[in-house]
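A note on names: the letters A, B, ... follow the listed sequences, proteins ahead of strands, and every chain is numbered from 1.
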There are 2 protein chains.
Amino acid sequence: MSHEHNHLQEALDTLKETGVRITPQRHAILEFLIQSMTHPTADDIYKALEGKFPNMSVATVYNNLRVFREVGLVKELTYGDASSRFDFVTTEHYHAICEDCGKIVDFHYPGLDEVEQLASHVTGFKVSHHRMEVYGTCPECTINKEVH
Amino acid sequence: MSHEHNHLQEALDTLKETGVRITPQRHAILEFLIQSMTHPTADDIYKALEGKFPNMSVATVYNNLRVFREVGLVKELTYGDASSRFDFVTTEHYHAICEDCGKIVDFHYPGLDEVEQLASHVTGFKVSHHRMEVYGTCPECTINKEVH
DNA sequence: TTATTACATTGTAATCTTTATAATTAGTGT
DNA sequence: ACACTAATTATAAAGATTACAATGTAATAA
């Protein structure tokens, strides 16, 4: 049984447990998010599925991404650019973002608990979580630059 | 001589060096950004200055924030919400963000050089910088919650 | 000083992402 | 299969940001 299949099944179970109906559209959006190695925008998802669902509304994509976010299946990533990207939640990881081509690559690093503690101490906040990304140039774009 | 005055003078010098004209609008936007302890949106700035510049266009605010970003005077902060916030660049610092009221508080922490190095190693990226924020509840909002 | 040129500002329209709304359709439990 | 409720669709609306053309203003050179 593939990892993708596992993830999908677990996601569907989560939906059932939380009383969220499993519709063909939701199934397809989840499936696409899980198999997608990129971190797609709502519009990416909409375009990717319009072959299978010619009548699907873009509102459906947004609605369901919100639902998935609310039950914890999906994280919304907001970078500087115009639209949010969506990431199926598996294990904790951080992102490296290429400033030339926009590619997003996952990398693992132990959680920055110490930072959260210090921040909590100096600001008085009750800290719930954090976000962190590194920015730079991916190997492909580095090569392209060297050629020119 | 106050810190604010220093910052403003340095910022104006930077503009001169990079050949960016110093207009009354630019002067006012910089002044407002420096003295502002909040991290204002473009619209905040527009509203704050419409008393002094009744004819200023919102496009001017956006144009100049872009210019300031390009010469490194200002950082654009993009969180999940609708509009970007702008932060005058002084010393390196991170942000703690209140999920209840939206307040943003600065805190200092040694740069996460180790994270950048590991990310660079596992992804092959040439890492130029990173961003990190912690999210939680500020002291005021924590009190408000306890009361209820 | 004056003319010239390049850059800034203004006002407005356009674009783009996301959300709201109302009507229709489709899942789910009995 | 029925009834109930939620989801989908289509469309409009909202909000942030950008594009563009016309006007204004600062720097430069004659």
message: If you only use heavy atoms from C-beta on, which nucleotide in D:dA7, C:dA8, C:dT10 is closest to the side chain of B:T60?
response: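 So the nucleotide nearest the side chain must be C:dT10.
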
query: Any idea which of D:dT8, C:dT10, C:dT28 is nearest the A:I22 side chain?
result: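 Nearest to the side-chain atoms of A:I22, counting from C-beta on, is C:dT28.
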
Interatomic distance, [X] [atom1] vs [N] [atom2] [rounded to whole Å]:
| X | N | atom1 | atom2 | value |
| --- | --- | --- | --- | --- |
| A:D81 | D:dT18 | CG | P | 12 Å |
| B:Y46 | C:dT12 | OH | P | 10 Å |
| B:R26 | C:dA8 | CZ | C1' | 6 Å |
| A:E70 | D:dA6 | CD | P | 14 Å |
| B:L15 | D:dA26 | CG | P | 16 Å |
| B:R85 | D:dG15 | CZ | C1' | 15 Å |
| A:K16 | D:dA6 | NZ | P | 18 Å |
| B:L65 | C:dT9 | CG | C1' | 14 Å |

task: Any chance you could list the contact pattern along nucleotides 15-26 of chain C? Use B for base contacts, S for sugar-phosphate-only contacts and - for none, protein heavy atoms under 4.0 Å, 5' to 3'.
output: --SBBB-----B

task: Ignoring hydrogens and angles, tell me if any N or O in the side chain of A:R85 forms a donor-acceptor pair with the backbone of A:H39 under 3.5 Å.
output: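 Here the side-chain-to-backbone pair exists.
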
message: Any side-chain to backbone donor/acceptor pair from A:H129 onto A:V127? Under 3.5 Å, distance only.
response: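 Judged by distance alone, no pair lies under 3.5 Å.
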
- prompt: Would you say the ring centroid of A:F32 lies under 6.0 angstrom from that of A:H27?
  reply: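 No; A:H27 has its ring centre 6.0 Å or more from that of A:F32.
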
- prompt: Is the gap between the ring centers of A:Y94 and A:H130 under 6.0 Å?
  reply: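 Yes, the ring centres sit under 6.0 Å apart.
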
task: Find which nucleotide of DNA chain D each of B:T23 and A:F53 is nearest to by heavy atoms, and output the residue with the more 5' nucleotide.
output: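 Closest to the 5' end, via its nearest nucleotide, is A:F53.
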
field: Between CZ on residue B:F125 and SG on residue A:C138, distance to nearest 0.5 Å
entry: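 Separation between the atoms: 5.0 Å.
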
message: Show, in sequence, the C-alpha distance, side-chain angles and deciding distance for B:H93 and B:H95, and conclude whether the ring pair (Phe, Tyr, Trp, His ring centres under 6.0 Å) test is met.
response: CA-CA 7 Å; B:H93 62 265; B:H95 292 125; 4.9 Å; yes

message: Any non-hydrogen side-chain atom of B:I45 less than 4.5 Å from a side-chain atom of B:L65?
response: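 B:I45 vs B:L65: side chains touch.
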
